[in-house]
Asker: 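Input: one structure, supplied below.
Naming convention: chains lettered A, B, ... in sequence-line order (proteins, then strands); numbering from 1 in each chain. Because the structure is a prediction, the values reported are computed rather than measured.
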Amino acid sequence: MGPYQRGLVLAVALLLLPGAALIFPASAQEARSGYFYASPETQALQDDPFANPGSLWLEEGRARWQRIEGAAGKSCASCHGDNGTELIEASAAYPKFNKRLGRPITLSQQINQCRVRHMGAAALAPDSEALMSIELLLRQRAAGRPMQVSVDGPMRPFYERGKALYFQRRGQFNMACYQCHDQRPGEFVRGERLSQGQINNFPAYLIRWGTVGSAHRRFQLCDRQARAEPFQIGSPEYVALEVYVAHRARGLAVEAPAVRP
Amino acid sequence: MVKLSNRLRQRRALLVGGMSAAAALLAAPAQAFQWRNKVSLFRRAFPVQPDRAEAELMITAILDGRTPRPGLVQIEAPGLVENGESVPLKIFVDCAMTDEDHPQLIHVFALDNPFPEVARYHLLPAGGEARLEMRCRMASSSELVVVAEMTDGTAGLDQRHVDVTLGACG
Amino acid sequence: MAEIRRISVPKQVEKGEIFTVRTLARHKMEPGVHFDANRFVVTPRLLLQEVKCHYNGRLVFYAEWFSAVSSNPYLTFKLRAEESGEIVVTWVDDYNVITTAAAPIDVIDKPKS
């Protein structure tokens, strides 16, 4: 290819770019954390380490990390050390494929697996304050690192299933996730500003809940708002959806503790 | 949804509330009858509607005929909040903070709340400066009103309209 | 576990300086108007009603809270530094359950210039 042809190809590519952006608005958009779409007051609350209510859960999480529970007489720290250094990479990589169960599990489910199998303690209730505080602590240690969920090999079918759910229209409003979060981020639905629906910040403190909740609880809220029957927290559907959405947020920095409206 | 008239909405709320209270009496487990639940149950059966006139009456009663000194109280709140659950509010009373000149009492009101009074702050000269920060709940878009009663008998008032956007598809 | 109370004051201040006391409490501030999941039992009201601040045993600030204070309530106020000692903030709930958080403060004399 001579210099002339190369220039022509470049010119054609440049001409096509804006067109491509019009046809595929989502793909042309860079991934942005929900922080970008939050109001300045909410951003200020997240940035203030003292006033950030999520830090209260972190404090609980630190205490729980050291607490000995269950028949084995172990705490989280007995296996993973005081700082849980080897878990930092992993915290940003959930949901992960669990070979024993043959399906991906979320970080919450992994914590409960640890409790039941290695500590001999009872599993914590989904989205309970205790579970969320430990999960938030793990995510906080990975804060700033890029989201890196693997969707290769055995994860592929779950990723495809999640993707199908993401694009499936549901509920009385007959809406799919992508209609708000791919096509209209930044716009308003009644009073609420739509974000890209990235989950790099979960578990997050949501002002409307007044507590820290998981991404699944947020999915339920989305479903209810679209007048769809929500799935259960930790259900295979939501885990698959989380696999897709987490992979969609790959590269975004993990934010914890995050505050959202 | 069809917008119901306020009166109709009140009646409907009363009816629904009354029915659920009756159902609660029949079917609720014993803990519903703990004394501390009774007030709440009553409140649910006969929900308190936001009453702006009453809230304004409360403020009038506090002012008690005094004309608010302009510029005495300065408040800061966002004009638009995403969720009424947490509205940041900053209060400043411009005074010397001496024994003779400090705000004895600072009242905070959200006018369209079912219970308009948000908080009361008692300040002492040991504070050095009358500057407060808090977060309050607002049921709907309305005015936040802060009234300061000074030791010398004067009063100050400042208000700010806050638009509260509720959750989508609420 | 849920009882987390937190205050923050500067470690060291000059005498006569005005400093900020920041407080944060973990509390649902339940206004008592909600049904819980089974639609019958009303979630009972449970609020923090009072916040007091003592500076070396002296009452320096006092607040009354009602149902419209946000959950996980945040409050800041100012104090004038008098002498070194302890700042104690006390929260009192509906059932007179008292929770406190304390922080030491070191007051230094102004260097003579």
Asker: Kindly indicate, with the supporting measurements, whether the criterion side chain to side chain contact (heavy atoms under 4.5 Å, CB included) is fulfilled by B:Glu82 and A:Thr42.
Answerer: CA-CA 9 Å; B:Glu82 290 163 322; A:Thr42 309; 2.8 Å; yes
Asker: Can you confirm whether more than 12 heavy atoms, excluding those of A:Glu160, are under 6.0 Å from its CD atom?
Answerer: yes
Asker: Which heavy atom of B:Asn83 sits nearest to which heavy atom of A:Pro261, and what is that distance?
Answerer: ND2-C, 4.4 Å
Asker: Counting only non-hydrogen atoms closer than 4.5 Å, does B:Pro88 touch chain A with its backbone (N, CA, C, O), its side chain (CB onward), both, or neither?
Answerer: side chain
Asker: In terms of heavy-atom contacts, does CD of A:Gln168 have more than 12 from other residues, nucleotides or ligands at under 6.0 Å?
Answerer: yes
